[in-house]
K.L.:
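Handing you this structure, nothing more for now.
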Amino acid sequence: MGLDTFLTDEQIEMRDLARRIAEEKIKPVAAMYDEKQEFPWPIVKVFAQTDMFRTFIPKEYGGLGGGILELAIVTEELSRGCGGIALAFAGTALGAYPMILFGTEEQKKKYLPAVAAGEKLCAFALTEPEAGSDAGSQRTTAKKVKGGYILNGTKQWITNGGEAKIYTVIAVTNPARGSRGISAFIVEEGYEGFGYGKKEDKMGIRASSTRELSFNDCFVPEENIIGRDGAGFAVAMRTLDRTRPGVAAQAVGIAQAAFELAVDYSRERVQFGKPISSFQAIQFMLADMGTQIEAARSLIYQAARYIDAGNKDINKYSAMSKLFASDMAMKVTIDAVQVLGGYGYMKDYPAEKLMRDAKITQIYEGTNQIQRLVIATSLIRESAKKK
Ligand SMILES: Cc1cc2nc3c(=O)[nH]c(=O)nc-3n(C[C@H](O)[C@H](O)[C@H](O)COP(=O)(O)OP(=O)(O)OC[C@H]3O[C@@H](n4cnc5c(N)ncnc54)[C@H](O)[C@@H]3O)c2cc1C
């Protein structure tokens, strides 16, 4: 399955292990977690036992030293089992990445080994009720005091919220400086003044926890700042540049699951005395689905390789992969429901869940309108430079 030709033996091994976990451990319980909207701790334990969390952690801190490509490969496979359950893994990567990219040696030594071992999950807290796409308009404040900062404010819709032990939290340290007056902090569960609020009831990825975080005079020690004071917006944006191919991979995993379901179903469902796979209308839908999935996966691999090679101008390719893969996943999952006809609409088959799960990939880590803005800005800047 898939154009695997250019993966290393190690990457294929990682992919096959993640695929086995998805098949044997995730798929059998995906509908149950979706229905109950419960956090999948037993599966997270499996991720830990099988070293999944080590994928993206540098070797010095107990990881396997994989890059964005390895992160994408594993995320896709786990998402093929369930996009929501996979998010316990991918959301932890998002929460840990600011530290991996910009953390001090002390911070990395203190926090990353437990993340690699799967003992502690991470989360990334940027969004607020008034700061969604306009992430620069943060209202959570971090006031400098002796030995640290005092945080006050609310973060909204935080993946792994309430389940993670380690949070990257973005807050304003100098309101007069706009996006240059924003800083990033490591906040641990249990810090005084840090609490959890509303847990969301969602359309899809229901096995993932999406929760409010509240900060009421929460003291965070100085050594927990990520990068320097005022660098928080850049920390957040550079992180998203690297994690968006992961959202794209989640989308491809969901689409792949929908595609396989549709192909299998079309061979079994008989109407007018023939399997529906013999009708050209169905065949053309399947052909388009398969082609679009391969195209999205190829773009993700290329974007990930470009990032892993150390290039700096990555935001365009990262945004392109997220935009293309998530729009593709939405289309493919809708078409999968169509191939299954009325059964696609019923909860007896996973098609409708895959369609609900796909939708979020067009929204979070920057909506697809925002991805288009990122891509267009980059294209126009490149054109201006040529003159
Ligand atoms: C399930 C879930 C999990 C999430 N997890 C996290 C998380 O872990 N951490 C975190 O920090 N955030 C998280 N988010 C927040 C997510 O990143 C935001 O929802 C997203 O960035 C969009 O912000 P918004 O919802 O406020 O939409 P808005 O910004 O209010 O946008 C509303 C609409 O307007 C459009 N729009 C806005 N501005 C423009 C513009 N300039 N040009 C064109 N169109 C525009 C948008 O594309 C969208 O269609 C999560 C959200 C959800 C739903």
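Both counts, for ligands and for their atoms, begin at 1 and track the order of listing. Scope of the values below: all heavy atoms of this structure, side chains included, with no hydrogens, waters or symmetry mates. If you're wondering where the values come from, they're calculated on a predicted model, not measured in any experiment.
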K.L.:
Measure the distance from atom 15 (C) of ligand 1 to every protein heavy atom, then report the residue, atom name and distance (to 0.1 Å) of the closest one.
P.N.:
Thr127 OG1, 3.1 Å
K.L.:
Flag atom 26 (O) of ligand 1 as yes if some protein heavy-atom distance to it falls below 4.0 Å, otherwise no.
P.N.:
yes
K.L.:
Of the listed options (Gly95, Ser133, Gly132, Ala164), which comes nearest to atom 28 (P) of ligand 1 when hydrogens are ignored and any heavy atom counts?
P.N.:
Ser133
K.L.:
For salt bridge (Lys or Arg N to Asp or Glu O under 4.0 Å), just list the numbers for Lys108 and Glu60, CA-CA rounded to whole Å, side-chain angles, deciding distance to a tenth of an Å, and then say yes or no.
P.N.:
CA-CA 9 Å; Lys108 291 180 189 173; Glu60 307 88 281; over 6 Å; no
K.L.:
Scan the protein's non-hydrogen atoms and note whether one is under 4.0 Å from atom 34 (O) of ligand 1.
P.N.:
no
K.L.:
Report the nearest protein non-hydrogen atom to atom 8 (O) of ligand 1: residue, atom name, distance rounded to 0.1 Å.
P.N.:
Thr159 N, 2.9 Å
K.L.:
Going by the atom numbers of ligand 1, which of them fall below 4.0 Å from some non-hydrogen atom of Ile363?
P.N.:
20 (C)
K.L.:
How are the rings of Tyr349 and Tyr343 set to each other: parallel, tilted or perpendicular (split at 30° and 60°)?
P.N.:
perpendicular
K.L.:
Can you list the atoms of ligand 1 that are under 4.0 Å from a heavy atom of Ile158?
P.N.:
7 (C), 8 (O), 9 (N), 10 (C), 11 (O)
K.L.:
Would you mind checking which non-hydrogen protein atom is closest to atom 17 (O) of ligand 1, with the distance to 0.1 Å?
P.N.:
Glu365 N, 3.6 Å
K.L.:
Lys202 versus ligand 1: do any nitrogen or oxygen atoms come within less than 3.5 Å of each other?
P.N.:
no
K.L.:
Hey, are Glu13 and Arg15 close enough for a salt bridge, meaning a charged N less than 4.0 Å from a carboxylate O?
P.N.:
no
K.L.:
What's the shortest distance from atom 45 (C) of ligand 1 to any protein heavy atom, and which residue and atom give it?
P.N.:
Gln369 CB, 4.4 Å
K.L.:
Please determine if Arg139 and Glu128 form a salt bridge, counting it only when a charged side-chain N lies under 4.0 Å from a carboxylate O.
P.N.:
no
K.L.:
Below 4.0 Å, non-hydrogen atoms only: which portion of Leu373 touches ligand 1? Side chain, backbone, both or neither.
P.N.:
side chain
K.L.:
Taking the six-membered ring for Trp, are Tyr167 and Phe194 ring centroids under 6.0 Å apart?
P.N.:
yes
K.L.:
Among all protein heavy atoms in this structure, tell me which lies nearest to atom 39 (C) of ligand 1, with the distance rounded to 0.1 Å.
P.N.:
Ile370 CD1, 4.0 Å
K.L.:
Tell me which protein heavy atom sits closest to atom 21 (O) of ligand 1, plus the residue, atom name and distance to 0.1 Å.
P.N.:
Gly366 N, 4.0 Å
K.L.:
Just jot down the ligand 1 atoms closer than 4.0 angstrom to any heavy atom of Thr367, in number order.
P.N.:
22 (C), 46 (C), 47 (O)
K.L.:
Under a 4.0 Å threshold between the charged nitrogen and the carboxylate oxygen, would Asp241 count as salt-bridged to Arg238?
P.N.:
yes
K.L.:
Under 3.5 Å, is there a donor on one side chain and an acceptor on the other for Glu365 and Thr243?
P.N.:
yes
K.L.:
According to the interplanar angle, ranging from 0 to 90°, do the rings of Phe279 and Phe272 count as parallel (below 30°), tilted (30 to 60°) or perpendicular (above 60°)?
P.N.:
perpendicular
K.L.:
So if I count the atoms of ligand 1 from 1 in the order they appear, which ones are less than 4.0 Å from some heavy atom of Phe124?
P.N.:
7 (C), 8 (O), 9 (N), 10 (C), 11 (O)
K.L.:
Are the ring centres of Tyr191 and Phe219 closer than 6.0 Å?
P.N.:
no
K.L.:
Once you restrict to heavy atoms under 4.0 Å, what part of Asn368 touches ligand 1? Side chain, backbone, both or neither.
P.N.:
neither
K.L.:
Check whether any protein heavy atom sits under 4.0 Å from atom 52 (C) of ligand 1.
P.N.:
yes
K.L.:
The test is salt bridge (Lys or Arg N to Asp or Glu O under 4.0 Å); show your working for Lys165 and Glu119 and say whether it passes.
P.N.:
CA-CA 9 Å; Lys165 299 279 184 226; Glu119 289 158 15; over 6 Å; no
K.L.:
Between the side chains of Asn368 and Asp327, does any donor sit under 3.5 Å from an acceptor?
P.N.:
yes
K.L.:
Test of understanding: given a 4.0 Å heavy-atom threshold, classify the contact between Lys155 and ligand 1 as side chain, backbone, both, or neither.
P.N.:
neither
K.L.:
Among all protein heavy atoms in this structure, tell me which lies nearest to atom 4 (C) of ligand 1, with the distance rounded to 0.1 Å.
P.N.:
Trp157 O, 3.0 Å
K.L.:
Salt bridge check, Lys331 against Asp335: does any charged N sit closer than 4.0 Å to a carboxylate O?
P.N.:
yes
